[in-house]
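Notes follow the structure.
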Amino acid sequence: MAHTDNQVLLGWVEDMVGLTKPDKVVWIDGSEEQLEELRKDGMATGEMVKLNQEKLPGCYYHRSAQNDVARVEDRTFICCHRKEDAGPTNNWMDPPAMYAKLLTIYNGCMKGRTMYVIPYSMGIVGSPFAKYGIEITDSIYVVLSMAIMTRVGNEVLDAIGPEGDFIRGLHSKAELDPEKRYIVQFPEDNTIMSVNSGYGGNVLLGKKCFALRMASCLGRDEDWMAEHMLILGIENPQGEVKYVCGAFPSACGKTNLAMLIPPELYREKGYKCWCVGDDIAWLRVGPDGRLWAVNPENGFFGVAPGTSEKSNPNALAATRKGTIFTNVVLKEDGTVWWEGLDKNPPRNALNWKGEPWDPESGEKGAHPNSRFTAPAKNCPCISDKFDDPNGVPISAIIFGGRRAKTAPLVYQSRSWDHGVFVGSAMASETTAAAAGQVGVVRRDPMAMLPFCGYNMADYWQHWLDMGKLIKDPPKIFNVNWFRTDDEGNFLWPGFGDNMRVLEWILGRCDGTADAVETAVGYEPRPQDINLEGSGVSEETLAEILSIDPELWKAEAAGIREFYGKFGDKIPAELTKELENLENNLK
Ligand code: OXD
Ligand code: MN
């Protein structure tokens, strides 16, 4: 029974029932009893496997189809009336044509299945930041995962109320046919349609589809920002906590930075770090005129391989209860394993495909994009402000990428507008972990390339406009943990030692840290970064901070070429910043 008399909502669900023709409709009320029933149903169909409840209480295992293990950017569309509003970096189709195509695929796709209706909230229900959605799905895995990643149930229907609006989301596994797989956002209709996939990033519609693609459009229209950013609190020995947001392309250590453990020297002095979010930040101007952030999610959808007691003990601890693991190795004792967890690959285990796995075969046991869906509250360093409806005030925004030679360890932009330029030019070099050529520079502005729901040039304009609305805007920085020597060895230790760079960043924000001006912005001198106990010498640091004018001239040319894609939509402020960079390098 639906716990709402919102006629628009009821009418839409009825229409979707007419379209997909399920045998049964179940409204998700958010109760533990109902979720427990669904876990049982999921086990009966094989969709969910109960793990060892002594070692991993409340944890389950799920396998996706073998052709369905990642987001599919080539099948992800922004469908708005004018093609130029989607911009050159998004796939676009005219909405009527896309609806026609999708309606054929969805027609009768839930016959013989149950339809679940999930009311969910991105953000704390009832808070000024919160936005509500309804996801319709035929997947128990989706229901159980949404119950971890978002706040679900009747309280959301109450918050929507009889007249309130919501984002419509229709998901069906359909036949899991990759040729008919579509992840489609209709920003002008507040509608998301996802079909023929069961992989989290494509089907947990609250995350990338809503909280980034749709929300970026809402933010543009309502003067706020939806960003692909972690939120981290840094507590000094006096107990004051300052918050930063950080945007990084994938494979740059975003989750590790979000859950950073300071080096021993800092811990002894009383420094602590607190995680508010690891993936998405919604940013608004607060009543005091400053920029405030919330994490609209309620859990972590993290990459399992590489997560270990050493690399990220906080993330690992978060997965020890109430977690759903996907496509990792399933051990004989009902626990899980993945490459990089430890040096003891298990015997008699099943690989991510469900086949008996020989660790000596040379084949990976876990899929490289195998995941955990873990409740945020499990994380030992979760911030006490995680649940604060007002969010946290942001002192600094940090952009970053993986650059072997070009970008220095850290630099500060000269102004908000210059910072927007730095974000717009963000790039990362491809690693051996991804298919294709290694070391190719891929532009990923603000790490939003696959997630911006409208024309990226308009998005940059929105950033510039927001800068004018914020009193005392956060300072904007760029970091690069990945500088190498000529043999390709990393020069900076990274992980917890990144705290040393964060200390300089916060020092710049409160006016206590020194800097020198270079062609690209303000940089620390080697003596401005605390190296004690890092094993890095001042000479090495000087090398990591150095700027090679020839490489930067090529970088500026690359940015100019990238901007060329957007024609005359590029904001004049950004063209001016690019000219400044070119002049500084002369
Ligand atoms: C991503 C993710 O792909 O967070 O960015 O899963
Ligand atoms: Mn992400």
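Read the numbers this way: they start at 1 and go in the same order the structure lists the ligands and their atoms.
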No-hydrogen, no-angle side-chain donor-acceptor test under 3.5 Å, [X] and [Y]:
| X | Y | result |
| --- | --- | --- |
| Trp337 | Asp342 | yes |
| Thr307 | Asn312 | no |
| Ser64 | Asn327 | yes |

message = Given a heavy-atom cut-off of 4.0 Å, could you list the residues near ligand 1 in chain and number order?
response =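 Correct list: Arg71, Lys208, His228, Asp279, Arg371, Phe451.
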request  = Applying salt bridge (Lys or Arg N to Asp or Glu O under 4.0 Å), run through Arg443 and Glu555 and close with a yes or a no.
outcome  = CA-CA 11 Å; Arg443 301 261 154 224; Glu555 181 71 5; 3.2 Å; yes
ask   = Got a sec, which residues hit ring pair (Phe, Tyr, Trp, His ring centres under 6.0 Å) with Tyr563, two or more places apart in sequence or on another chain?
value =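 If we apply the ring pair (Phe, Tyr, Trp, His ring centres under 6.0 Å) test to Tyr563, skipping adjacent residues, the hits are Trp460.
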key: cation_pi(Arg75, Phe77) dist<6.0 Å, angle<=45   =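 No, Arg75 does not lie over the aromatic ring of Phe77.
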message = Considering only residues two or more places apart or on different chains, which pairs with a residue in residues 183-207 satisfy ring-ring contact (aromatic ring centres under 6.0 Å, His included)?
response =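 Those involving residues 183-207 are Tyr99-Phe186, Tyr199-Phe301.
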query = Is Lys377 salt-bridged to Asp387, going by a charged N under 4.0 Å from an acidic O?
reply =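 Looking at Asp387 together with Lys377, the answer is yes, because their closest N to O distance falls below 4.0 Å.
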query = Is it true that Arg402 and Asp444 have a side-chain N and a carboxylate O under 4.0 angstrom from each other?
reply =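 Salt bridge: no.
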task = Could you pull out the N/O/S protein atoms under 2.8 Å of the Mn ion (ligand 2), ignoring any water?
result =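 Listed by chain and number, the nearby protein N, O or S atoms are Lys208 NZ, His228 NE2, Asp279 OD1.
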